[in-house]
Amino acid sequence: MPDPVLIHFNDALADELGLAHQVLGCEALIGMLAGNSAWPGYAPIASAYAGHQFGAWVPQLGDGRALLIAEIATPAGERREIQLKGSGPTPYSRGLDGRAVLRSSIREYLCSEAMHHLGVSTTRCLSLIGSSEPVQRETVETAAVVCRVSPSFVRFGSFEYFFHRRQNEQLATLAEHVIEEHYPHLIGLPDRYARWLTEVVERTARLMAQWQSLGFCHGVMNTDNFSVLGLTLDYGPYGFMDRFRQHHVCNHSDYEGRYAYSAQPQVGQWNCSRLLRACLPLLAEDTQAALEIGTGIFERYAPVYAQAMMRRWADKLGLFEARESDTELVNGLLSILQRGKNDFTRSFRHLSRLEALSDVPAAGIREEITDLEAFDAWIVDYRARLRSEQNTDDAARAERMNRVNPKYVLRNHLAQRAIEQAEQGDYAELAVLMSLFRRPYDEQPELESYAEEPPADQCSIEVSCSS
Ligand code: AMP
Ligand code: MG
């Protein structure tokens with residue numbers, strides 16, 4: 001990569017990884033993070049995988065523009081894989097250029113860190129390198145490389161790859177590797193594959209509940225973008241919803257709305273069914289027996305998701321107990337927000353100002369609500385629900401709610417502003433966002449405007465698969 005420039009370095013993550021600070025600013029490090037030189041002691045690896053893309057089977061994908069460059073142990077004794085994205089062609093590039101543009105690299109860099117600090121399971125980013133190298137997309141843009149960090153980048157599609165090729169031995173080798181490295185409590189157990197898959201299914205269900213509760217839409221939930229560790233992986237045309245819409249589709253290339261907000265939980269489940277199908281040969285020699293075990297594992301998804309989701313909605317409403325009947329309360333609020341085109345993140349954040357014992361319309365909560373009649377009726381039910389569990393310490397509840405209802409999410413217009421500046425060589429806004437999203441649940445009065453809805457002309461910034 002010509003003229004690599006270090007645009008941002010994630011010092012906090014470098015500290016967690018135990019990477020010596022002195023290396024920052026040193027030419028050799030920038031060369032490694034740009035993919036121009038190898039990490040000492042390692043030869044880079046690109047992985048093969050397959051996947052279901054928008055429901056269609058694609059037998060040959062792989063790290064077309066990603067390279068695993070090292071595996072390190074953190075001071076806490078955990079293993080982390082270091083991967084570059086956009087460092088050039090690999091054996092799996094399928095004729096594409098192996099590059100990523102600055103725009104999409106900034107989006108991945110910002111969002112993976114924002115998600116981490118929101119408490120969502122995710123891969124992380126260590127560095128962002130820019131370059132003068134031109135890259136052709138819809139227009140000519142410039143290339144960039146992000147350095148991603150994760151315990152593992154193995155995907156559902158990694159297993160589908162070997163299953164499709166009837167390479168059961170490799171399938172088992174990969175499963176053993178994942179278990180040994182990442183599910184060590186299962187090592188050597190006779191039913192370890194079934195238990196491991198059960199954990200993957202449960203983690204995926206919980207991840208979907210995390211996404212839903214934050215209004216996060218992934219955009220490209222293909223099985224090659226699903227992690228066997230239940231991490232959010234591959235940030236492309238994602239989006240945090242501004243105005244709440246059940247059928248919000250964040251990816252403008254997703255013409256059929258396959259990955260709409262409302263569809264995400266079911267897609268997560270369907271992806272698990274693809275993983276389980278690929279792993280049937282691991283579950284039992286007899287096909288029927290394997291199918292029965294696989295079906296049993298699959299059936300874990302729905303109850304785990306339902307329970308996790310119920311708990312998260314209850315937390316967002318500041319409730320101690322999550323009750324089945326709260327679904328009605330939640331849906332009531334969501335439909336008020338949807339009908340009134342109200343902001344998802346702001347509306348939940350404002351709810352913490354409610355006084356449980358008062359009967360007057362709640363100040364500071366209703367100002368932005370459009371359908372006030374329905375909302376005031378909803379508040380009556382909500383207050384009754386709070387009182388039913390003696391949940392009347394308003395200050396304590398507000399504090400709890402503000403730890404789960406973020407003040408700041410990475411709205412598209414915020415990322416877009418940082419991108420436009422960076423494309424002019426000014427990285428200040430990117431640094432502001434990186435610092436802001438370290439504390440998304442805290443009030444940061446000097447950055448109040450970052451919690452606002454997008455200006456009217458920036459509500460529909462288009463993000464697509466082009467990256
Ligand atoms: P993505 O939509 O980024 O998840 O990519 C889907 C697949 O296409 C993956 O196998 C990528 O490695 C590959 N891919 C996407 N863009 C490129 C590119 N510019 N060069 C090489 N491979 C790519
Ligand atoms: Mg991908």
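In this chain, numbering begins with 1 at the start of the sequence shown. Start at 1 and go down the list; that is how both ligands and their atoms are numbered.
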query: Side chains of Thr122 and Tyr235: is there a donor and an acceptor less than 3.5 Å apart?
result: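 Thr122 vs Tyr235: donor-acceptor pair found between side chains.
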Aromatic [Y] / basic [X] pairing, under 6.0 angstrom, 45° off normal:
| X | Y | result |
| --- | --- | --- |
| Arg195 | Tyr183 | no |
| Arg258 | Trp270 | yes |
| Arg274 | Phe163 | no |

Listed partners of Phe156 passing ring pair (Phe, Tyr, Trp, His ring centres under 6.0 Å), at least two apart: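 Only Phe226 meet the ring pair (Phe, Tyr, Trp, His ring centres under 6.0 Å) criterion with Phe156.
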Aromatic centroids of Phe216 and Phe240 separated by under 6.0 Å: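 Under 6.0 Å, so yes.
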- prompt: Centroid-to-centroid, Tyr261 to Phe244, below 6.0 Å?
  reply: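 That pair passes the under 6.0 Å test.
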message: Test: side-chain hydrogen bond (donor to acceptor under 3.5 Å, both in side chains). Region: residues 280-295. Which pairs qualify, not counting sequence neighbours?
response: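 Of all non-adjacent pairs touching residues 280-295, none passes side-chain hydrogen bond (donor to acceptor under 3.5 Å, both in side chains).
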field: Close-range residues for ligand 1, whose non-hydrogen atoms fall below the 4.0 Å threshold
entry: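 Residues Tyr49, Gln53, Leu61, Gly62, Asp63, Gly64, Arg65, Ser93, Arg94, Leu96, Asp97, Gly98, Arg99, Arg137, Asn225, Asp234 each place a heavy atom under 4.0 Å from ligand 1, listed by chain and number.
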- request: Quick one: name the protein N/O/S atoms under 2.8 Å from the Mg ion (ligand 2), chain by chain.
  value: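 Sorted hits: Asn225 OD1, Asp234 OD2.
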- request: Report, as yes or no, whether the 6.0 Å neighbourhood of atom CD on Gln167 holds more than 12 heavy atoms from other residues, nucleotides or ligands.
  value: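 More than 12 heavy atoms, drawn from other residues, nucleotides or ligands, come within 6.0 Å of this atom.
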